[in-house]
Visitor: 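Here it is: the structure, laid out below.
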Amino acid sequence: MTNLPKIYTPQEIEGKWYQLWQKNGYFHAEATSDKPPYAIVIPPPNITGSLHIGHALDNTLQDCLIRWRRMQGYNTLWMPGTDHAGIVTEIIMERQLAEEGISRTDLGREKFIERMWQWKDESAGYIVSQLQQLGCSCDWERERFTLDEGLSKAVRTAFVKLYNQGLIYRDTYMGNWCPHCNTVISNLEVEPIEIDGNFYHIRYPVKDSDVVLEIATTRPETMLGDTAVAVHPEDERYQHLIGKTALLPLCDREIPIIADIYVDREFGTGALKVTPAHDTNDYEIGLRHDLEQRTIFTPDGYINENAPDNYIGLPQSDCRKRVVEDLQNLDYLVKIVPHRHAVGHHDRCSTVVEPAISPQWFMNVRPLAQRAIEATKKGEVKFIPERETSRFYHWMENIEPWPISRQRWWGHRLPIWYCNACEAVTAAMETPQECECGASDFRQEEDVLDTWFSSGLWPFSTMGWPENTEELKTFYPTSVLVSGWDILFFWVARMIMLGLGCRDEVPFRTVYLHGLVADEKGQKMSKSKGNSIDPLETIDTYGTDAFRFALVNASTPNPYVSLPESQIEAGRRFANKIWNAARFILMNLEKHPVPTRMDAVEAGLPSLYKQETLEIAWIRSRLSHTITTTTDAFENFRFHEAAQTLYAFLWHEFCDWYLEFAKQRVSQNEPEALWVAADVLEQTMRLLHPLMPFLTEEIWQQLPHGGSRSESSEKGSVTVSSWPEPIGGNPAAEATMATLMEVIESVRSIRGELNVPIGASVEVHIQSPNAEVRERLEAYLAQYLPAFTKVANITIAESLSKPRASAEAVIGELAIYIPLADIIDLDAEHARLSKRHQQAVKDVMAAQKTLDNPNFIQRAPEKVVAQKRAQLERMLMEQEKLARSLAMLTESEKED
RNA sequence: GGGCGGGUAGCUCAGGUGGCUAGAGCGACAGCCUUACAAGCUGUAGGUCACAGGUUCAAGUCCUGUCCCGCCUACCA
């Protein structure tokens, strides 16, 4: 007796299989192979991070694709690895240091980097083991890290290459400065957040005049760095002031009043204070008018010595308060008006970003963006869903230079060397030997590269580039990139540009951008918001497979996917259902083992099965259909469709119907139906394996999978079994079964609605004018009906009169009568029939209306017309029968 | 300001190129411990597909407009 527990306990079985898969090297891809290649590179998670819900979704989908293709016989490579993740990682380390009471600068660059590596070495295995817990079938032998020697070489190679092409250059420009992180960041890293601020209206006196110019600003402290006031050149109010000089309050400085078309006459007071060092637009105006760029902040956000003495050293926020106070005391402040506006924050540390001028390294991405657009238009890379393509184009067409240097320590130092003698700049793989000037004393650039620079090389740096490796020859361009749409610009676009820039080829053929997991308010789940599901807790509670199923099932084409706990619960129930179906089959197989091929040969059987009964033909047809639909769903990245198809087939066809038939067959000593059940379940476990790898392996291992398919029996795991092939549908069997099901459902419905006691047997009388239908019902109904409801006796005739006090159901031309003399509640039956009759009348009218339209007959395709006619015919029959029965029922009520 | 996505059952969502009587899960109600599964089984209820027009023989699906919701993007201090 098989001793499988009644309740599926994932914890007991999930642990063991991963080790077996690993040990047998199922996940390893060969660099050269006869099999067609299929490759995905993982979006590398932060080396020190832990699995969050976004990873769980992203990697589950990738694992589905990889497992599916592996079973299809592809040479599948899922390239795993981790990212050093620059600034984020440093921020977390700084917090750790702060707890010890030290700062990054206390430690110094060298010691800090040492600490980072130490921490990396301690925590590196964590995220990897979590991915393994999730079941990810990555080729771990190839695991990479962005700061590895190999990848660092790729970074330097790419940098030098692009530098030599003139695409990387140094410039002093206004960028987004994070005073907390002490570095410049790119536009993408700035998150505008709406805040309730104020508009401060301030009087600027005009020199040698009684006139005061009123300006409005949201950042009054920046006035300390003002070097002009601007008005619109055609603004009549201020014509007479253009060219004059304003007296800057609090600063005792004189600044020119200039005219610039940037100024919006309608906005604020129409006069704009100009701070070229601390505002992007003012910077531009400053360049046009050759204004002084007066920086008043230190890099870490304090007031510097360019401001009047009494402000120096204040933090920016304190300075604002002080400036406002002083303006008020000296009567320069006109008013403060509440004003809601968007303020840029650093997406990693949430600090307000300061526009600031600094020398930085940039990449001119425009030519590469152009090539990326062309490659996409040529179809070399395809975005799914398609709407992402236009987002991609829009971004690429308006792309701006990418600031790639960061004033940080954790990352790749730019391979730029300055000659200490003549300051000549050299980009090179290693420290240069000698400068043009003859000196040989160099210093390397202090800055490190934006972390996305190295991730942008990921698809080929992980495969050994710049060497022309076998891996690159086999797997590049990779097949698919799977990621959330939120990092399309950060990462995906840059990979495409750098792939083209470094290898003249797009890095992947297809980009699948899945939705983001949202909470019940529709907000993206993220750890920082605290609204996130913890994948590990979820796995503990529900099991990995249940969680994975829920994730895949939730992966609709929507940009946001919602994952209520009930969905995960549904996944668990599904797992349990499968478990019990398997348990049932395995228990019965002990009594009725599947004959081996040898037995079959000895018995002289042409095949394992004596005959294909209706239910066998039906379930095989449905399985075939399921195989086709599931495969098609994967082909088209319609993950939820795969999940739903398998769920519906397994639960509502296989369990609800087929296993009930099989039960009865087994009890009649016809075990073929059971053997087919085992076969169908075995194939379904293969179909479901990409979604639920652990459970399907556990069951597959216990099911007989030898039989006629010797191929899979030689292999030791469903992981490397073959993807099922459809055998084709059987429309005749499906049609007959549909009728039988309808009859069974009608009987059950009557029993339910009229409260026939569970134990009571009923007689079933069926009337049908169609001989063929009668014959089929005759042949099968007696066999099948008792499996679903208690019946005493079944009568089928061409015509029979409705037995007295019976309930009735109508299916097309079929009428079903169930005599319920003792128990029938005529009122209830009347209500039941009347409800159905009303519905029938409505349906008939709708169909009639369509068919009455001559244009419909004329213009609709014949097939549609024929369909409609058949539909109406059937409805009419039902309606008439129901009407007659209602009339009879009313009469018999009168008699009573 | 521009762009994108969404509004379908009480809730969360499916409904590729227009054509079965608009579906599922959860929840609700009624009845069942039927020896695989009570994490189960059976039955029932519940929808003017946001609104208004239009195209079409036919619209949840295509077009236009309106109203909400969300997101992305933009230099209004």
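These numbers were taken from a predicted model, which means no experiment stands behind them. Proteins come first, then strands; the chains are lettered A, B, ... in the order of their sequence lines, and each starts at number 1.
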Visitor: Please check the phosphate of B:G43 (OP1 and OP2 only) for any side-chain N or O of A:R748 closer than 4.0 Å.
Guide: yes
Visitor: Between A:R832 and B:G43, is there a contact of a side-chain N or O with OP1 or OP2 at under 4.0 Å?
Guide: no
Visitor: Mark yes when over 12 heavy atoms from residues, nucleotides or ligands other than A:E660 sit less than 6.0 Å from its CD; otherwise mark no.
Guide: yes
Visitor: Between B:G19 and B:A58, how far is it from one P atom to the other, in whole Å?
Guide: 14 Å
Visitor: I want to check one thing: is the phosphate of B:A58, taken as OP1 and OP2, less than 4.0 Å away from some side-chain N or O of A:T850?
Guide: no
Visitor: In whole angstrom, give the distance that lies between atom NE2 of A:H640 and atom C1' of B:G15.
Guide: 8 Å
Visitor: Taking only the P atom of each, what is the distance from B:G60 to B:G7 in whole angstrom?
Guide: 14 Å
Visitor: Give me the distance, rounded to whole Å, that separates B:G65 from B:G46 when you measure between the P atoms they each carry.
Guide: 37 Å
Visitor: In terms of side-chain heavy atoms of A:N558, which of B:A14, B:A77, B:A39 is nearest?
Guide: B:A14
Visitor: Side chain of A:K6, base of B:C37: donor and acceptor closer than 3.5 Å?
Guide: no
Visitor: What integer number of Å spans the C1' atoms of B:C41 and B:G16?
Guide: 35 Å
Visitor: Rounding to the closest angstrom, what is the interatomic distance between B:G18 and B:C29 at atom P?
Guide: 42 Å
Visitor: Has the side chain of A:T217 got a donor or acceptor atom that lies under 3.5 Å from a matching backbone atom of A:R219?
Guide: yes
Visitor: Quick check: on RNA chain B, is the nucleotide nearest A:E191 upstream (toward 5') of the one nearest A:F654, or the reverse? Name the residue that is more 5'.
Guide: A:F654
Visitor: Given B:U73, is OP1 or OP2 found less than 4.0 Å from the side-chain N or O atoms of A:R391?
Guide: no
Visitor: Is the closest basic N to carboxylate O distance between A:E214 and A:K335 below 4.0 Å?
Guide: no
Visitor: Counting just side-chain N and O atoms, does A:H341 come under 4.0 Å of either OP1 or OP2 of B:A74?
Guide: no
Visitor: Any luck finding a side-chain donor-acceptor pair between A:S186 and A:E189 under 3.5 Å?
Guide: yes
Visitor: Fit a plane to each ring of A:W651 and A:F574, take the angle between them on a 0 to 90° scale, and name the class: parallel (under 30°), tilted (30 to 60°) or perpendicular (over 60°).
Guide: parallel
Visitor: Does B:G40 have OP1 or OP2 sitting under 4.0 Å from an N or O in the side chain of A:K577?
Guide: no
Visitor: Are A:W485 and A:Y560 close enough that their ring centres sit under 6.0 Å apart?
Guide: yes
Visitor: Hey, does the side chain of A:S749 come within less than 4.0 Å of B:U44's phosphate (OP1/OP2), counting only N and O?
Guide: yes
Visitor: Would you say a side-chain N or O of A:H201 is under 4.0 Å from OP1 or OP2 of B:A77?
Guide: no
Visitor: Determine: side-chain N/O of A:K868 to OP1/OP2 of B:A58, distance under 4.0 Å, yes or no.
Guide: no
Visitor: Rounded to the nearest angstrom, tell me the gap between atom NE2 in A:H394 and atom C1' in B:A74.
Guide: 9 Å
Visitor: Taking pairing as Watson-Crick or G-U wobble with both contacts under 3.5 Å, can you name the mate of B:C26, or confirm there isn't one?
Guide: B:G10
Visitor: Send over the distance from A:Y560 OH to B:C4 C1', rounded to a whole Å.
Guide: 11 Å
Visitor: What interatomic distance, in whole Å, is found between C1' of B:G70 and the corresponding atom of B:G27?
Guide: 26 Å
Visitor: Could you tell me how far B:C33 sits from B:A39 if I compare only their P atoms? Round to whole Å.
Guide: 16 Å
Visitor: Can you tell me how far P of B:A24 sits from CG of A:L646, to the nearest Å?
Guide: 18 Å
Visitor: Roughly, in whole Å, what's the span from CD in A:Q664 to C1' in B:U34?
Guide: 13 Å
Visitor: Among A:F637, A:Y512, A:F392, which one satisfies ring-ring contact (aromatic ring centres under 6.0 Å, His included) with A:F383?
Guide: A:F392
Visitor: In this structure, how many angstroms lie between the P atom of B:C76 and the CG atom of A:D264, rounded?
Guide: 11 Å
Visitor: Whole Å only: how far is the CG atom of A:N398 from the P atom of B:G1?
Guide: 19 Å
Visitor: Could you work out the separation of B:G40 and B:C26 based on their C1' atoms and round it to a whole Å?
Guide: 16 Å
Visitor: For B:A58, does either OP1 or OP2 sit under 4.0 Å from a side-chain N or O belonging to A:K849?
Guide: no
Visitor: Between A:W657 and B:U42, is there a contact of a side-chain N or O with OP1 or OP2 at under 4.0 Å?
Guide: no
